[in-house]
*Asks:* 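Quick one: structure below, then a few questions.
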Amino acid sequence: MIEVKNLSRFYNSLLAVDSVDFKIGKGEVVGLLGHNGAGKTTIMKMLTGFLEPSSGQIFIDGLEIGPDTGLIQKKIGYLPENCPVWPEMTVIDYLEYQATLHKISPNSIPDLINKAITKTALQEKATSTIETLSRGYRQRVGVAQALLHMPDIIILDEPTNGLDPTQILHMRDLIKELALTATIIVSTHVLQEVQAVCERVLIMRSGKLVLDSKISELQASSKLLLTVENTKINIIEELKKLDNVGKVEKKQDQNSLQTFQIETEEGLAPTIIKLLVSLGINIRSVNPERRDLETVFSDVSLETNHE
């Protein structure tokens, strides 16, 4: 559905996006992550045809940004981080105006507006002027315009910005519903939102794509966490005598307990336990290390800083 090849973008002498490559298949829900200035928004603007790449190519559904930008834009719904809305318009008037810009058939407009308002739970505010709406409701209006023309690709930049906890849950459900018929790209600084709705993540840093992986694979760890009572035996040396044990690192040494992180297979835990028991070491716990997206994001940032 989406293929990005060697994509770069300069702002004068500043390289905002640096030789990025990725593919996104039809129906995928992908999170785009990175610190401020990482290049996320620039990539989204290039995907929508709002910005031209300095170099590289973007293909969407067999079409190329540049020669086919107009056709591609018909297939995309886009929610910018600060969605432009006309405050003096009512919600219905604004959506009708957006439908006209998308060149939707006049006969289809009322039904599409009704569907967009229903999906974003804007029924109570449909006839209100946008200037009277809270930030959360304005955000919903922005989402409504993004999905109004039933696009094949929906790009959402900070979709839960300004929403209360109930509205956030509704937005998660909406994204999952939209994913049944569209490809979704979600950019947000809230890692829990990506973990809740996305199946894959792209992490940007300083203009480069530093990680592209399914979230389920990221969370799978090849490390064990071992906690034992204090001992004079050199546990690191003893563990390294075992086959299939990689790096062993002491993580904590306090309150009469020592904790070690062991790079190995989860299935090797019984062998490790047997070894330690034979050495007379009192074991408190041996567990596979479980990582969340926040841990992965932090690890990637640290690794990149050390390059």
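Counting from 1, the numbers follow the sequence of the chain as shown.
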*Asks:* Any idea which heavy atoms bring Lys119 and His170 closest together, and the distance?
*Replies:*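 What the structure gives for the nearest pair is O-CE1, 3.0 Å.
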*Asks:* Would you say that Asn230 contacts Leu257 through its side chain, given a criterion of any heavy-atom pair below 4.5 Å between the two side chains?
*Replies:*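 With C-beta onward as the side chain, the pair stays apart.
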*Asks:* Against Met204, only a single residue in Leu33, Val210, Leu209 fulfils side-chain contact (heavy atoms from CB on, under 4.5 Å); can you say which?
*Replies:*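 The option that passes is Leu209.
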*Asks:* Decide side-chain hydrogen bond (donor to acceptor under 3.5 Å, both in side chains) for Thr188 and Glu193; before the verdict, give the C-alpha distance in whole Å, the side-chain angles of both, and the deciding distance to 0.1 Å.
*Replies:* CA-CA 8 Å; Thr188 176; Glu193 295 308 308; over 6 Å; no
*Asks:* Under 4.5 Å between side-chain heavy atoms, hopping through other hydrophobics if needed: is there a path connecting Leu279 to Ile235?
*Replies:*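 Same hydrophobic cluster.
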*Asks:* Check whether the side chains of Ser128 and Tyr137 place a donor and an acceptor atom closer than 3.5 Å, and report yes or no.
*Replies:*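 Result is no, nothing qualifies.
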*Asks:* Test your reading of the model: is there a side-chain donor-acceptor pair from Thr118 to the backbone of Asn114, 3.5 Å cut-off?
*Replies:*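 At least one qualifying donor-acceptor pair exists.
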*Asks:* Quick one: does Ser8's side chain have a donor or acceptor within less than 3.5 Å of a partner on Ser19's backbone?
*Replies:*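 Checking the backbone N and O of Ser19 against the side chain of Ser8, a donor-acceptor pair under 3.5 Å is found.
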*Asks:* Look only at the side chain of Thr42 and the backbone of Ala16, and say whether a donor-acceptor pair between them is shorter than 3.5 Å.
*Replies:*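 No: the side chain of Thr42 does not pair with the backbone of Ala16.
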*Asks:* When rounded to the nearest 0.5 angstrom, what distance separates OG1 in Thr160 from CD in Gln167?
*Replies:*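 Those atoms lie 10.5 Å apart.
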*Asks:* Within the distance-only criterion (no hydrogens, no angle test), does the side chain of Thr183 pair as donor or acceptor with the backbone N or O of Ala179 below 3.5 angstrom?
*Replies:*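 No.
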*Asks:* Could you tell me whether a side-chain N or O of Asn234 sits under 3.5 Å from a main-chain N or O of Ile236, the two making a donor and an acceptor?
*Replies:*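 The answer is yes, because a donor-acceptor pair under 3.5 Å joins these two groups.
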*Asks:* Can you find a pair of side-chain heavy atoms, one from Thr264 and one from Ile272, that are under 4.5 Å apart?
*Replies:*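 In contact.
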*Asks:* Please say yes or no: joined through hydrophobic side-chain contacts below 4.5 Å, possibly via intermediate residues, are Val201 and Ile185 part of one cluster?
*Replies:*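 Result: no, two separate clusters.
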*Asks:* Given the rule in the side chain to side chain contact (heavy atoms under 4.5 Å, CB included) test, do Leu112 and Met150 qualify, once you have shown the distances and angles that lead to the verdict?
*Replies:* CA-CA 8 Å; Leu112 290 176; Met150 301 181 70; 3.5 Å; yes
*Asks:* Do Thr129 and Thr90 have side-chain atoms, one donor and one acceptor, less than 3.5 Å apart?
*Replies:*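 No, because no side-chain N or O of Thr129 sits under 3.5 Å from a partner of the opposite role on Thr90.
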*Asks:* Just by distance, do the side chain of Gln261 and the backbone of Val248 share a donor-acceptor pair under 3.5 Å?
*Replies:*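 Here the side-chain-to-backbone pair does not exist.
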*Asks:* Determine, using the 4.5 Å side-chain heavy-atom cutoff (strictly less than), whether Ile24 and Val20 are members of one ILVMFWY cluster.
*Replies:*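 Both belong to a single hydrophobic cluster.
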*Asks:* So how far is it from Leu202 CG to Asp212 CG, rounded to the nearest 0.5 Å?
*Replies:*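 The CG atom of Leu202 sits 4.5 Å away from the CG atom of Asp212.
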*Asks:* Is the shortest side-chain heavy-atom distance between Glu229 and Ser256 below 4.5 Å?
*Replies:*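 Heavy-atom side-chain distance check fails, nothing below 4.5 Å.
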*Asks:* Decide side chain to side chain contact (heavy atoms under 4.5 Å, CB included) for Ile184 and Val186; before the verdict, give the C-alpha distance in whole Å, the side-chain angles of both, and the deciding distance to 0.1 Å.
*Replies:* CA-CA 6 Å; Ile184 313 289; Val186 179; 3.7 Å; yes
*Asks:* Using the rule that two of Ile, Leu, Val, Met, Phe, Trp, Tyr join whenever any of their side-chain heavy atoms come within less than 4.5 Å, decide whether Ile76 and Leu147 are in one cluster.
*Replies:*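 Unlinked, Ile76 and Leu147 end up in two clusters.
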*Asks:* If you group Ile, Leu, Val, Met, Phe, Trp and Tyr by side-chain heavy-atom gaps below 4.5 Å, do Ile72 and Ile104 land in one group?
*Replies:*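 Unlinked, Ile72 and Ile104 end up in two clusters.
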*Asks:* Which heavy atom of Glu28 sits nearest a heavy atom of Lys23, and at what distance?
*Replies:*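 Between these two residues, the closest heavy atoms are OE1-O, 4.4 Å.
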*Asks:* Taking all atoms of both residues into account, what is the closest heavy-atom pair of Ile65 and Leu47, and its distance?
*Replies:*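 Heavy atoms only, the tightest pair is CD1-O, 3.7 Å.
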*Asks:* Please check if the side chain of Asp93 supplies one atom and the backbone of Met89 the other of a donor-acceptor pair under 3.5 Å.
*Replies:*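 Not a single qualifying donor-acceptor pair exists.
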*Asks:* Do Arg172 side-chain atoms and Val197 backbone N/O form a donor-acceptor pair below 3.5 Å?
*Replies:*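 Looks like no, no N/O pair under 3.5 Å.
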*Asks:* Check whether Arg138 reaches the backbone of Glu131 with its side chain - one donor and one acceptor, N or O, closer than 3.5 Å.
*Replies:*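 Checking the backbone N and O of Glu131 against the side chain of Arg138, a donor-acceptor pair under 3.5 Å is found.
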*Asks:* For the residue pair Tyr78 and Lys45, establish whether any side-chain heavy-atom pair is separated by less than 4.5 Å.
*Replies:*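 Heavy-atom side-chain distance check passes, below 4.5 Å.
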*Asks:* Given Ile43 and Val17, is the side chain to side chain contact (heavy atoms under 4.5 Å, CB included) satisfied, shown in steps?
*Replies:* CA-CA 7 Å; Ile43 284 181; Val17 175; 3.8 Å; yes
*Asks:* Has the side chain of Asp152 got a donor or acceptor atom that lies under 3.5 Å from a matching backbone atom of Lys75?
*Replies:*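 No, because the side chain of Asp152 does not come within donor-acceptor range (under 3.5 Å) of the backbone of Lys75.
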*Asks:* Would you call the rings of Trp86 and Tyr94 parallel, tilted or perpendicular, where under 30° means parallel and over 60° means perpendicular?
*Replies:*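 Taking Tyr94 first and then Trp86, their aromatic rings sit tilted (interplane angle of 30° to 60°).
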*Asks:* Any chance you could measure Arg284, atom CZ, to Gln258, atom CD, to the nearest 0.5 Å?
*Replies:*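 If I round to the nearest 0.5 Å, the distance is 12.0 Å.
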